[in-house]
K.L.:
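The structure under discussion is supplied below as structure tokens; questions concerning it will follow.
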Number of protein chains: 2
Amino acid sequence: MAPDQLSTTFAALADPTRRAILARLASGEVSVTDLAKPFDMTLPAVSKHLKVLENARLISRRRDGQWRPARLEAHRLREATKWMERYRIFWEQSLDRLDQHLRELQREDKKHGRGK
Amino acid sequence: MAPDQLSTTFAALADPTRRAILARLASGEVSVTDLAKPFDMTLPAVSKHLKVLENARLISRRRDGQWRPARLEAHRLREATKWMERYRIFWEQSLDRLDQHLRELQREDKKHGRGK
DNA sequence: GATGTATTAAACCAGTCAGTTATTTAACCA
DNA sequence: TGGTTAAATAACTGACTGGTTTAATACATC
């Protein structure tokens, strides 16, 4: 069954090698061999990761002679971020709680003469 | 091998059932049976999804009598969003390009008398 | 056209995943 | 105590993953 777009995006991101590839592509197009260099794995393995990223529309490929450089495509990342944004209120809430908790601790400290 | 935190987060999000569970939990704590109701799958399956979400620290559980309600925990979502943020410039760039492209199309249309 | 280089494809393997059914644990009720 | 309800665990399955090695394809260069 063809998984939905968001699932495909998140699944593609759920691998450190693929995230490193995306990070590398942030500074421009790179060939497969160059992409593979930092990794302790064979070229076909990297090629497969690229295929996963391409299927997820997180990168695109073109041909340049014998090279097939990959390029970052960011709109699916934008969609994924948009999905997460709806939860922003929750983590901001908990940050508030953390902040409040720290303030309370400080107040406690003052009360017990441990303030600076 | 224990995968890194970001990989665990993204892997947990790469399933529509789990994302739906998180969405449901956005409106507060829910028991397993209630969580399971909208889904066409057995209770153990939902229980497993909850375990995945719990391992990813995207939810927490507590005991309330015979119930074990789940609660949304958002800070890992915040971390994941922070990771994606670095790519924001790329999708904003491409939106600019899209915008520019649309303007060019409009100009073309006017030139050929297809304007409104 | 032969040879070298960049990349992909094919076949295979071990491990993980998402689901199932059947069983077990835990708490409530009477 | 026994019966019911809520949930987790165990054991199993088929499909998918991330890697390998070997073989094929595509282009470049001589």
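Owing to the predicted nature of the structure, the values given are computational and were not obtained by experimental measurement. In the text below, chain A, chain B and the rest are named by the order of the sequence lines, each starting its count at 1.
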K.L.:
Mind checking what makes side-chain hydrogen bond (donor to acceptor under 3.5 Å, both in side chains) contact with A/S7, not counting sequence neighbours?
P.N.:
A/D4, B/R19
K.L.:
Just do the side-chain contact (heavy atoms from CB on, under 4.5 Å) check on B/T8 and B/N55 with the steps written out, would you?
P.N.:
CA-CA 8 Å; B/T8 306; B/N55 287 339; 5.5 Å; no
K.L.:
Side-chain donor-acceptor pairs under 3.5 Å in residues 23-37 of chain A, sequence neighbours left out?
P.N.:
from  : atom 1 : to    : atom 2 : distance (Å)
A/R24 : NH1    : A/D34 : O      : 3.4
A/S27 : OG     : A/R24 : O      : 2.9
A/E29 : OE1    : A/R62 : NE     : 3.1
A/E29 : OE1    : A/R62 : NH2    : 2.8
A/E29 : OE2    : A/R62 : NE     : 2.9
A/E29 : OE2    : A/R71 : NH2    : 3.4
A/S31 : OG     : A/D34 : N      : 3.3
A/D34 : OD1    : A/K37 : NZ     : 3.0

K.L.:
Can you name the ring pair (Phe, Tyr, Trp, His ring centres under 6.0 Å) partners of B/W83, sequence neighbours left out?
P.N.:
B/F10, B/Y87
K.L.:
Quick one: A/D15 CG to D/dC16 P, roughly how many Å, whole number?
P.N.:
18 Å
K.L.:
Verify the cluster assignment for B/F39 and B/L72: are they in a single hydrophobic cluster under the rule of side-chain heavy atoms below 4.5 Å apart?
P.N.:
yes
K.L.:
By side chain to side chain contact (heavy atoms under 4.5 Å, CB included), which residues pair with A/R76, not counting sequence neighbours?
P.N.:
A/Q5, A/T9, A/R57, A/L58
K.L.:
Taking only residues two or more places apart in sequence or in another chain, which ones pass side chain to side chain contact (heavy atoms under 4.5 Å, CB included) with A/E85?
P.N.:
A/T81, A/R88, B/T81, B/E85
K.L.:
I want to check one thing: is the phosphate of C/dA6, taken as OP1 and OP2, less than 4.0 Å away from some side-chain N or O of A/R68?
P.N.:
no
K.L.:
Starting from P on C/dA6, measure out to CZ on A/R61 and report it in whole angstrom.
P.N.:
14 Å
K.L.:
Calculate the interatomic distance between B/N55 atom CG and C/dT16 atom C1'; express it in whole Å.
P.N.:
14 Å
K.L.:
Taking side chain to side chain contact (heavy atoms under 4.5 Å, CB included) as the test, write out the residues that go with B/P38, two or more places apart.
P.N.:
none
K.L.:
What is the distance from CG of A/L53 to P of C/dT7, rounded to the nearest Å?
P.N.:
16 Å
K.L.:
For residues 21-51 of chain A, which residues have at least one heavy atom under 4.0 Å from DNA chain D?
P.N.:
A/M41, A/T42, A/P44, A/A45, A/K48, A/H49
K.L.:
Could you tell me, to 10°, how much the axis swings from one end of the helix from C/dG1-D/dC30 to C/dA30-D/dT1 to the other, five pairs per end?
P.N.:
10°
K.L.:
Could you pull out all residues at least two apart from A/V52 that satisfy side chain to side chain contact (heavy atoms under 4.5 Å, CB included)?
P.N.:
A/A12, A/R18
K.L.:
Roughly how far, to the nearest 0.5 Å, is the NE2 atom of A/H49 from the CD1 atom of A/I59?
P.N.:
11.5 Å
K.L.:
Can you list the residues that meet the salt bridge (Lys or Arg N to Asp or Glu O under 4.0 Å) rule with A/R63, with sequence neighbours excluded?
P.N.:
none
K.L.:
Once each nucleotide of nucleotides 24-30 of chain D is scored for protein heavy atoms under 4.0 Å, what B/S/- sequence comes out, 5' to 3'?
P.N.:
--SBS--
